[in-house]
Amino acid sequence: MTTRHEVCPAEELTPGERRIVEVGNLAIGVFNIDGEYYALNNVCPHQLAPLCEGRITGTVTSESVGEYDWEKNGQIVQCPWHHWEFDITTGESVFNPHKVRTRTFDVEVESKSDRDEQVSCYGTSLQGDEPPVQTYDVEIEEDIIVLYI
Amino acid sequence: MSSQGPKGAEAVGLTIDTDVHQTRASDEEIEQYLPKRYQSIGVELPGRMYNNPGGVLREDVQNEDGTPAGSTPENIQTHLFDKFGIDYGILTGDILSLSVLPNRDYAHELARAYNELLVDKWLSADERFLGSVVVAPQNPKGAAELIREYGSHPQNKQVLMNSVSRGGYGHPYYWPIYEAAEEMDLPMALHPSNQGAGMSEPPNAVGYPSNYFARHNAMPMLHIGQLNSLMSEGVFAEFPTLDWVFIECGFTWVPMMMWRMDKDWKGLRQQVPWLKKAPSKYIIENTYYTTQPIAEPERPEQLEQIFEMMHADKTLMFSSDYPHWDNDHPEYGLPKMSESLRKRIMYENAEELYKVSE
């Protein structure tokens with residue numbers, strides 16, 4: 001069953017940044033790449049090192065010997081142990097994308113209104129017209145990054 | 001923050017890590033121990049010349065104040081010793097590149113300053129830290145002095161030199177070093193650093209590779225060359241109780257050299273008449289190898305055959321290389337093997353060589 005986990009306000013994770021969160025037994029790296037959010041299991045399939053704590057970088061391809069083409073800038077994380085490269089958007093390794101990969105998770109940005117709707121599904125309905133205690137209007141402008149696991 | 005942690009000390013069992021790089025937080029740490037005549041120079045070492053795009057230190061274990069991984073006792077205690085249940089770590093430091101400096105006196109004083117820092121900052125901090133007396137091999141007389149001076153510290157367990165040298169280490173020019181080590185009952189150890197830089201020989205037998213990838217692949221050649229030199233020049237015959245540790249340059253090549261040397265010895269023995277037994281016998285009795293970077297063959301179980309061929313129950317010792325980028329996991333790095341062999345590699349071989357509890 002999918003469960004919902006709030007990571008942090010979206011403004012706290014700016015483009016190019018990452019955050020490691022623990023959800024139950026899992027450690028998950030949440031990344032912001034140019035305003036899009038991605039989440040990877042923080043475990044490298046090689047020696048189970050904390051993959052998501054490595055360098056965020058790009059990768060190099062080549063059309064022919066002696067040529068270098070810089071690609072996927074900011075879309076690659078290199079495991080801090082042994083430097084294996086993984087595409088943050090897919091969890092696939094660069095050197096063997098089909099066989100060597102780490103798990104990905106769904107990540108969404110939910111606005112205040114989304115959250116209010118969800119919150120309103122729970123709790124107790126007020127009785128009568130008057131609120132039972134004095135209340136204040138609170139504006140929550142921020143969006144929330146949410147993981148679905 | 002770690003993800004899936006290890007199962008802990010119980011899963012790994014008794015462990016001696018034979019390659020742990022304590023790292024200076026700043027050059028000033030070394031400079032404070034330099035003699036006055038070198039205070040104005042400070043620490044002046046050649047660059048690596050070959051660059052790793054991802055850096056050399058693990059980025060997940062940097063200190064919060066920005067100082068490098070491995071630069072405080074706490075960093076190594078937390079991220080290596082306590083996390084994985086390591087019982088002892090052999091410190092191999094970060095200054096072996098001094099051996100490629102042409103100035104023999106300056107290199108020697110750098111080595112002395114390093115050893116002073118080792119005792120002051122590290123050996124005093126935790127009895128799990130075991131030291132290596134670093135020497136400048138281009139200054140054999142000075143090296144012998146340092147061995148006799150710092151080798152008496154009970155936590156210093158070996159003499160360490162760079163794997164790259166001017167000519168092979170078998171040359172009698174270097175023998176005063178071995179005489180002192182044998183006298184102090186300490187093994188000699190070799191670990192590569194800055195091969196190709198300064199006045200060192202090229203990193204492999206066909207000269208200078210173009211990049212870090214090729215240079216890193218070629219590291220076994222350094223130790224193949226040194227083992228060949230030590231064997232042929234008669235170091236194992238001249239210093240029969242002196243053991244040698246070959247760190248971080250692989251071990252899968254050891255059977256190849258055992259067989260090749262034995263075969264050549266049978267027909268070319270006249271050139272090395274001082275070898276009283278087959279070279280492989282000296283290798284099994286006088287040399288040790290460390291596991292990292294562990295070989296990862298297509299079928300991991302193939303390594304078991306290599307272990308058998310090289311008598312790993314006597315010659316192989318676990319190493320992590322913490323906190324370097326290619327360090328191996330104490331629990332998940334090695335392939336499956338018998339429990340008795342695992343104990344030999346993780347602890348017993350090193351325990352017997354270094355006499356850690358003495």
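What you see is a predicted model; the values in this text were computed from it and never measured. For the numbers below, each heavy atom of this structure counts, side chains included, while hydrogens, waters and symmetry mates do not. Residue numbers start from 1 in every chain, and the chains themselves are labelled A, B, ... in the order their sequence lines are given, proteins ahead of strands.
Of the two parts of B/Pro53, only the backbone, made up of N, CA, C and O, holds a non-hydrogen atom closer than 4.5 Å to a non-hydrogen atom of chain A. B/Asp328 touches chain A through backbone and side chain together, each having a heavy atom under 4.5 Å away. Contact of B/Ile294 with chain A is made through the side chain alone, with heavy-atom distances under 4.5 Å.
Summarising the local packing, CZ of A/Arg101 is surrounded by more than 12 heavy atoms from other residues, nucleotides or ligands at distances under 6.0 Å.
Between the side chains of A/Thr61 and A/Glu71, a donor-acceptor pair is found at a separation under 3.5 Å. Judged by distance alone, the side chains of B/Thr67 and B/Asp65 do bring a donor and an acceptor atom under 3.5 Å apart. Using modelled atom types, one finds no donor on one side chain facing an acceptor on the other under 3.5 Å when comparing B/Ser320 with B/Asn327. Between the side chains of B/Thr92 and B/Asp19, at least one donor-acceptor pair of N or O atoms lies under 3.5 Å.
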Solution key, residues 246-253 of chain B side-chain donor-acceptor pairs under 3.5 Å, sequence neighbours excluded:
| residue | atom | partner | partner atom | Å |
| --- | --- | --- | --- | --- |
| B/Glu248 | OE1 | B/His191 | NE2 | 2.8 |
| B/Trp253 | NE1 | B/Cys249 | O | 2.9 |
| B/Trp253 | NE1 | B/Gly250 | O | 3.2 |

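Ranked by heavy-atom pairs shorter than 4.5 Å toward chain A, the options B/Leu57, B/Asn52, B/Val61 are led by B/Asn52.
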>> Pair B/Tyr88, B/Phe81 - check ring pair (Phe, Tyr, Trp, His ring centres under 6.0 Å), show working.
In response: CA-CA 8 Å; B/Tyr88 296 96; B/Phe81 287 178; 8.7 Å; no

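Here B/His329 and B/Phe84 bring their ring centres to under 6.0 angstrom of each other.
Scanning residues 75-83 of chain A against chain B with a 4.5 Å heavy-atom cutoff picks out A/Gln78, A/Pro80, A/Trp81, A/His82, A/His83, ordered by number.
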